[in-house]
Amino acid sequence: TRSTRPQRLLAAVQKNATRGDPRSVVKAIDEFCRYTEWAMNVGDEKGCILDSVVSEVNPATVLELGTYCGYSTVRIATLLPPDAKLITLEFNPDFAVIARQVIAWAGQEEKVHLVEGSSGDLIPKMKEQFGVKSFDLVFLDHWKDRYLPDAKLMEAGSVLLADNVICPGSPDYLDYVRNSPKYRSQYFKSHLEYTKVEDGLEKSVFLG
Ligand SMILES: Cc1ccc(Cc2cc(O)c(O)c(C(=O)NC/C=C/[C@H]3O[C@@H](n4cnc5c(N)ncnc54)[C@H](O)[C@@H]3O)c2)cc1
Ligand SMILES: [Mg+2]
């Protein structure tokens, strides 16, 4: 049977990237998505904004919602110090299989804990399962209608960075973080990965 897009993306990484070199993995995925087959990674343009927020927050613990193929997982992990932890949640087992291999090819397994399951089920269990009661940084890039309910599950002090707040968009989430006194929110205008369509990231600092 025909391969899947994530399988073709992984093949491009294994063919064009150097094992253990995370930047070459990021570059191989961006080239594959720009010139061969589009895929819903945060991409190179928004990826630079992600990098700058990660570097500014300098988190000891990061939670990513929606691993997909592990592109943003690798981007974030590469910027973390060796003792930092990135927990990434993915409920599609086929995507998780690919993401684990992309993360391994980039040599980032030590810092990354990919947990299979849905954010709605796993977030409440974070404390008892991983001993992490709050994360320094949360990257939201999963189904857009889950951003708001999951943000409400996590109101325990952290910086939220959400992808796609314009396209596909997450209007209820955006309205909430921009109007709630609990957050100071900031929009980073950019483009939908590998296109000229407007999109952006929303950074929301939880004020307690
Ligand atoms: C109209 C339109 C369509 C598509 C686009 C283009 C476009 C551009 C983008 O950057 C996008 O992020 C998206 C997008 O839809 N992303 C959804 C991403 C899901 C991944 O996360 C996984 N997942 C989804 N819910 C959960 C959950 N609760 N717990 C755990 N994992 C979850 C899934 O298993 C996938 O691995 C789309 C633009 C405009
Ligand atoms: Mg996205």
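In listed order, ligands and their atoms are each counted from 1. The analysis underlying the following values was restricted to heavy atoms, covering all of them including side chains, and did not include hydrogens, waters or symmetry mates.
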ask   = Can you tell me which residue and heavy atom of the protein come closest to atom 39 (C) of ligand 1, and the distance to 0.1 Å?
value = C167 SG, 3.5 Å
inquiry  = Using a 4.0 Å cut-off to any heavy atom of Y68, which atoms of ligand 1 qualify?
reply    = 36 (O)
request  = Walk me through it: do L63 and T88 pass the test side-chain contact (heavy atoms from CB on, under 4.5 Å)?
outcome  = CA-CA 6 Å; L63 177 65; T88 183; over 6 Å; no
Contact check, side chains of E90 and L114, non-hydrogen atoms, under 4.5 Å = yes
remark   = Quick look: F91 vs ligand 1, heavy-atom contacts under 4.0 Å, and the answer is both
request  = Before giving the answer on side-chain contact (heavy atoms from CB on, under 4.5 Å), spell out for R8 and E37 the whole-Å C-alpha distance, their side-chain angles and the decisive distance to 0.1 Å.
outcome  = CA-CA 9 Å; R8 294 191 290 273; E37 186 173 8; 2.7 Å; yes
query = Is the closest basic N to carboxylate O distance between D150 and R146 below 4.0 Å?
reply = yes
message = R178 vs S185, test: side-chain hydrogen bond (donor to acceptor under 3.5 Å, both in side chains). Steps then yes/no.
response = CA-CA 6 Å; R178 288 180 175 175; S185 214; 5.1 Å; no
note = Closest to atom 18 (C) of ligand 1 by heavy-atom distance, out of D141, N164, V197, is D141
note = Out of P168, G120, C69, G169, the nearest non-hydrogen contact to atom 3 (C) of ligand 1 is supplied by P168
Flag: protein heavy atom within less than 4.0 Å of atom 1 (C) of ligand 1 = no
Per-atom contacts of ligand 1 with L89, taking only distances under 4.0 Å to non-hydrogen atoms = 30 (C), 31 (N)
task = Give the contacting part of V42 toward ligand 1: side chain, backbone, both or neither, where contact means a heavy-atom distance below 4.0 Å.
result = neither
inquiry  = Students often mix this up, so state it plainly: with edges at 30° and 60°, are the rings of H113 and F130 parallel, tilted or perpendicular?
reply    = perpendicular
query = If only atom types and distance count, is the side chain of K203 paired as donor or acceptor with the main-chain N or O of A162 below 3.5 Å?
reply = no
task = Can you pull out the closest protein heavy atom to atom 16 (N) of ligand 1? Residue, atom name and distance to 0.1 Å, please.
result = K144 NZ, 3.3 Å
message = Check this for me: does any side-chain nitrogen of one of D141 and K144 sit under 4.0 Å from a carboxylate oxygen of the other?
response = yes
key: Which N, O or S atom of D163 lies nearest to the Mg ion (ligand 2), by name   = OD2
inquiry  = Under 4.0 Å from a heavy atom of D163: which atoms of ligand 1 are those, numbered in the order shown and with their elements?
reply    = 10 (O)
Test item: R34 and D44 side chains (from C-beta on) under 4.5 Å apart, heavy atoms = yes
key: Structural part of W38 in contact with ligand 1, heavy atom criterion under 4.0 angstrom   = side chain
task = Kindly give the heavy-atom pair with the smallest separation between C167 and L192, and that separation in Å.
result = O-CD1, 3.8 Å
query = Which heavy atom of the protein is the closest neighbour of atom 8 (C) of ligand 1, given with residue, atom name and distance?
reply = E193 OE2, 3.1 Å
request  = Show your reasoning for whether side-chain contact (heavy atoms from CB on, under 4.5 Å) applies to N41 and Y68.
outcome  = CA-CA 8 Å; N41 317 116; Y68 188 44; 3.8 Å; yes
message = Less than 4.0 angstrom from a charged side-chain N to a carboxylate O is my criterion; do E116 and R100 meet it?
response = yes
query = Less than 4.5 Å apart, any side-chain heavy atom of F91 and any of W143?
reply = yes
query = Does E90 reach ligand 1 with a nitrogen or oxygen that is under 3.5 Å from one of the ligand's nitrogen or oxygen atoms?
reply = yes
inquiry  = Quick check on the Mg ion (ligand 2): does N41 put an N/O/S atom closer than 2.8 Å to it?
reply    = no
request  = Look at atom 21 (O) of ligand 1 and say which protein heavy atom is nearest, naming residue and atom and giving the distance to 0.1 Å.
outcome  = G66 CA, 3.3 Å
request  = Provide the number and element of each atom of ligand 1 under 4.0 Å from a heavy atom of F95.
outcome  = 34 (O), 35 (C), 36 (O)
inquiry  = Please list the nearest protein heavy atom to atom 29 (N) of ligand 1 with its residue and the distance rounded to 0.1 Å.
reply    = S119 N, 3.0 Å
inquiry  = Suppose we measure from atom 25 (N) of ligand 1 to each protein heavy atom; which comes out shortest, and what is that distance?
reply    = W143 CD1, 3.2 Å
query = For ligand 1, is there an atom lying under 4.0 Å from some heavy atom of L192?
reply = yes
task = Identify, by name, the N, O or S atom of D141 lying closest to the Mg ion (ligand 2).
result = OD1
task = Take every heavy atom of G117, measure it against each atom of ligand 1, and state whether any distance is under 4.0 Å.
result = yes
